[in-house]
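Here is the naming used below: chain letters follow the sequence lines, and residue numbers restart at 1 for every chain.
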2 protein chains.
Amino acid sequence: MFDEVADPPTGSRATMKDVANVAGVSLKTVSRVINQEPNVNELLVRRVRDAVQQLSYRPNLKARSLRRLDGRSATIGVLLEDLSNPFSATILRAIEEVATARGVSVLGGSLDESPERERRLTASMSSHRVDGIILAPASPSHEFLAPEQVAGTPFVFVDRPPINLDADHVLSDNRDGTARAVERLLGLGHERIGFLGDDEALWTARERYLGYYEALRVRAIEIDDDLVHLNVHSMTAASALVDGMLALDDPPTAIFTGRNILTIGAVRSLRHHGLESRIALIGFDDFPLADLLVPGVSVVAQEVALIGRRAAELLFNRLDGDRSATQRVVVSTHFIPRGSGEISPV
Amino acid sequence: MFDEVADPPTGSRATMKDVANVAGVSLKTVSRVINQEPNVNELLVRRVRDAVQQLSYRPNLKARSLRRLDGRSATIGVLLEDLSNPFSATILRAIEEVATARGVSVLGGSLDESPERERRLTASMSSHRVDGIILAPASPSHEFLAPEQVAGTPFVFVDRPPINLDADHVLSDNRDGTARAVERLLGLGHERIGFLGDDEALWTARERYLGYYEALRVRAIEIDDDLVHLNVHSMTAASALVDGMLALDDPPTAIFTGRNILTIGAVRSLRHHGLESRIALIGFDDFPLADLLVPGVSVVAQEVALIGRRAAELLFNRLDGDRSATQRVVVSTHFIPRGSGEISPV
DNA sequence: CTGAAAGCGCTTACAG
DNA sequence: CTGAAAGCGCTTACAG
């Protein structure tokens with residue numbers, strides 16, 4: 001034997017017990033050093049630290065959280081629509097920032113608007129015993145999460161409110177943001193304003209439509225069914241619908257699009273008809289390079305990172321013991337004029 | 001007492017033992033049912049299933065992985081540059097897809113080009129006992145990961161190769177992709193081609209520069225220092241440098257930009273000078289709406305999702321026991337002509 | 001086909 | 001200031 005104490009074998013990890021053996025102290029002393037408890041002899045601290053170094057020891061969080069009274073795993077779950085889209089990605093990053101600062105890791109997942117995936121992934125998070133879950137929901141009802149909530153897992157909803165469940169949530173002011181933008185178009189003299197919206201099943205799509213509806217109502221302008229299209233899912237569908245509206249006997253002089261891919265579809269159609277500088281356009285959601293298009297595309301922008309940050313703050317407040325009533329946080333949108341929304345009717 | 005067996009108290013979760021009590025069977029029988037082991041009496045299976053339902057029982061993965069021989073946590077770590085940028089977000093999503101199909105969850109983190117964050121977050125992943133780690137590295141050396149690797153955690157690097165560590169990696173053909181694009185410009189008759197590149201410390205930035213360098217060398221065109229700028233970090237810096245190049249006595253007739261934000265900076269400058277249809281431009285990395293600009297921006301596009309998928313496949317192969325030699329996977333880039341790269345010199 | 005005992009790597013509660 | 005024993009919620013290895 002060349003080593004005084006045998007190293008643990010390759011392919012397996014050093015445990016606290018290995019560290020104790022190498023340092024010549026008890027398990028409990030190692031635990032004290034790792035957890036920075038006071039009142040440990042300097043010399044022993046040093047010996048433990050050296051052994052940790054020598055063995056590349058990493059405390060096992062799974063074992064720790066299994067035994068600890070609070071059972072915390074130092075992990076939260078974040079389930080969003082699609083981690084590859086800029087909206088979800090920005091929210092995830094903002095949450096990560098808050099979590100990392102507290103030494104908490106983030107388990108992420110994409111729901112793709114699938115209620116079934118929502119059930120599966122929340123169950124998975126639950127099996128991982130995450131300390132809390134932030135969710136941009138896909139289901140028509142969240143009753144099924146009640147047992148998790150009762151078991152002590154706090155939920156914070158983002159982008160859309162919970163249904164049949166009492167939980168904190170963070171939303172944009174979809175309706176007001178849209179109404180104010182449509183009011184701007186009305187203020188310029190537009191009376192025929194087209195509307196393209198996403199899937200009616202989505203709360204955000206309905207809210208944005210309601211903003212449009214209310215703004216017209218206030219001015220006593222009747223809704224023209226030829227100018228309103230909901231359940232538009234793609235850029236190409238949006239282009240085709242704008243093509244159709246432009247072919248009407250009485251075409252719109254302005255268009256409001258309820259989502260960025262629909263906005264881009266509208267831009268393509270207007271360009272195709274050479275009307276991008278004649279017909280006003282405002283979109284909900286900012287998008288990269290909107291300012292580099294000609295004309296620049298005016299938008300109702302969401303504070304996406306702020307939504308993520310607020311959600312994380314709410315969650316950690318709950319984890320810190322906040323038992324106050326459920327909170328709804330509404331994050332303001334802001335209008336960004338870039339040209340396309342400032343075109344007057346001819 | 002109304003219930004025959006007391007439910008576990010609010011705020012705590014049902015355990016396998018609780019399920020066993022409610023179902024009137026032993027712990028081991030519950031374990032068999034949960035893990036779908038064969039040879040369990042139909043009646044007992046049913047009773048256990050009912051108890052699971054009634055108690056909203058979720059198996060505790062932490063406890064399971066603590067005891068299991070393979071110690072698998074059904075979790076992998078994914079550390080990328082910035083989860084909010086489209087490149088990282090697309091990779092994460094592609095990995096998530098492969099992982100979810102295997103019932104594995106993804107712990108994500110952003111490194112922000114910080115070696116210190118890389119150390120901290122890999123250590124954190126290690127404490128979570130992830131089964132493997134996919135990493136877009138930020139450090140100048142990855143020696144410090146050797147102990148983790150020896151302890152049995154496989155690593156797969158993406159976007160950049162490991163340094164001082166033997167590990168699988170997935171890269172784009174940065175150098176070739178750039179060289180072929182620059183050759184196209186040369187083919188059009190361009191001889192003065194500007195180059196803007198990212199931080200020289202980054203492997204990708206160096207490779208792309210080498211592609212530019214080699215393409216010119218083959219044609220025996222000398223590199224003009226006035227036309228080459230490395231360590232360009234922002235869109236505004238790129239704009240200013242293009243402004244400067246355009247003011248030269250002998251300005252470039254074409255520009256190659258080594259990263260999408262630099263490309264956008266270059267577009268801004270060319271527009272500002274009204275030269276966007278006179279001076280050719282090709283950028284590395286595609287970006288949204290590149291086709292909607294006038295002229296459309298020609299790019300060398302990476303197969304970003306494929307990079308993520310390949311990395312995940314490599315990792316899971318290792319977890320499935322593949323002990324073959326370290327692999328380097330090179331994913332091809334492809335050129336997308338949209339107009340700006342097809343402009344001939346005047 | 002079913003179950004009682006031991007143990008994974010830690011923390012807790014307690015004794016000295 | 002230090003440590004030995006029990007136990008977190010599971011799976012393993014074994015007995016019946």
Side-chain angles (χ1 to χ4, degrees), chain A residues 8-9 11-48 51-52 55-74 126-131 151-152, chain B residues 8-9 11-48 51-52 55-74 126-131 151-152:
Chain A
S12 82
R13 292 178 168 283
T15 67
M16 201 172 258
K17 197 172 158 197
D18 297 321
V19 176
N21 286 341
V22 169
V25 298
S26 76
L27 197 59
K28 178 62 205 174
T29 296
V30 178
S31 175
R32 285 194 178 93
V33 174
I34 296 293
N35 292 295
Q36 315 201 48
E37 288 176 34
N39 303 330
V40 183
N41 185 305
E42 274 292 341
L43 175 65
L44 295 189
V45 171
R46 156 136 304 171
R47 275 178 18 210
V48 169
V52 164
L55 298 173
S56 296
Y57 171 73
R58 304 270 185 223
N60 185 330
L61 290 183
K62 295 183 299 189
R64 167 184 291 175
S65 85
L66 193 59
R67 189 62 183 88
R68 280 212 175 155
L69 291 179
D70 62 14
R72 292 287 169 80
S73 62
S126 176
S127 269
H128 280 290
R129 294 295 188 270
V130 295
D131 300 330
Chain B
S12 82
R13 292 180 167 282
T15 67
M16 201 172 258
K17 197 173 157 196
D18 297 321
V19 175
N21 286 339
V22 168
V25 297
S26 77
L27 197 61
K28 178 61 207 174
T29 296
V30 179
S31 175
R32 286 196 179 91
V33 175
I34 296 293
N35 292 296
Q36 315 200 46
E37 288 175 33
N39 302 330
V40 183
N41 184 306
E42 275 291 341
L43 175 66
L44 295 190
V45 171
R46 157 136 303 172
R47 276 176 21 209
V48 169
V52 163
L55 298 173
S56 295
Y57 171 72
R58 303 271 184 223
N60 186 330
L61 291 183
K62 296 183 298 189
R64 168 183 292 176
S65 86
L66 193 59
R67 189 62 182 90
R68 280 213 173 153
L69 291 178
D70 62 14
R72 293 286 169 81
S73 62
S126 175
S127 270
H128 280 289
R129 294 296 188 271
V130 294
D131 301 331

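- Near DNA chain C, meaning a heavy atom under 4.0 Å from it, residues 31-42 of chain A has A:S31, A:N35 in order of number.
- Distance alone, capped at 3.5 Å, places no donor-acceptor pair between the B:S127 side chain and the A:R58 backbone.
- For B:D131, the side-chain hydrogen bond (donor to acceptor under 3.5 Å, both in side chains) partners two or more places apart in sequence, or in a different chain, are B:S73.
- Summarising the geometry, the separation between CG on A:L27 and P on C:dT12 is reported as 13 Å, rounded to the nearest angstrom.
- Summarising the geometry of B:R64 relative to B:P59, their closest heavy-atom pair is NH2-CB, 4.0 Å, with the distance given to 0.1 Å.
- Atom NZ of A:K28 and atom P of C:dG16 are 18 Å apart (whole Å).
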Shorter than 3.5 Å, N or O on both sides, protein versus nucleotides 7-9 of chain D: list them out with atom names.
residue, atom, partner, partner atom, Å
D:dG7, N2, A:R67, NE, 2.5
D:dG7, N3, A:R67, NE, 2.7
D:dG9, N2, B:A63, O, 3.3

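- The heavy-atom pair separating A:V25 from A:R47 by the smallest distance is CG1-NH2, 3.8 Å.
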Scan the side chains in residues 36-43 of chain B for donor-acceptor partners under 3.5 Å anywhere in the protein, sequence neighbours excluded, and list what turns up.
residue, atom, partner, partner atom, Å
B:N41, OD1, B:L43, N, 2.7

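- Annotated stems with DNA chain C as a participant read C:1-3 with D:14-16, C:5-12 with D:5-12, C:14-16 with D:1-3, given as range with range, by first number; only runs of 3 or more Watson-Crick or G-U pairs under 3.5 Å qualify.
- Atom CZ in A:R47 sits roughly 12 Å away from atom C1' in D:dT2 (whole-Å rounding).
- Closest non-hydrogen pair, A:L66 versus B:A63, comes out as CD1-CB, 3.8 Å.
- The CG atom of A:D70 sits 17 Å away from the P atom of C:dC10 (whole-angstrom rounding).
- Contact between A:G71 and B:K62 at its shortest, heavy atoms only, is O-NZ, 3.4 Å.
- Nearest heavy atom pair, residue B:A51 against residue B:V22, reads CB-CG1, 3.6 Å.
- The minimum heavy-atom distance between B:Y57 and B:I34, with the atom names listed, is CE2-CD1, 3.8 Å.
- Rounded to whole angstrom, the span from the CG atom of B:L61 across to the C1' atom of D:dT11 amounts to 13 Å.
- With B:N21 contributing its side chain and B:D18 its backbone, the two residues share no donor-acceptor pair below 3.5 Å.
- A sub-4.0 Å separation between OP1 or OP2 of D:dT2 and a side-chain N or O of A:T29 is absent.
- With sequence neighbours left out, B:R68 forms a side-chain hydrogen bond (donor to acceptor under 3.5 Å, both in side chains) with B:N35.
- Within the 4.0 angstrom heavy-atom criterion, only backbone atoms of the sugar-phosphate kind lie near A:L44; the bases stay farther away.
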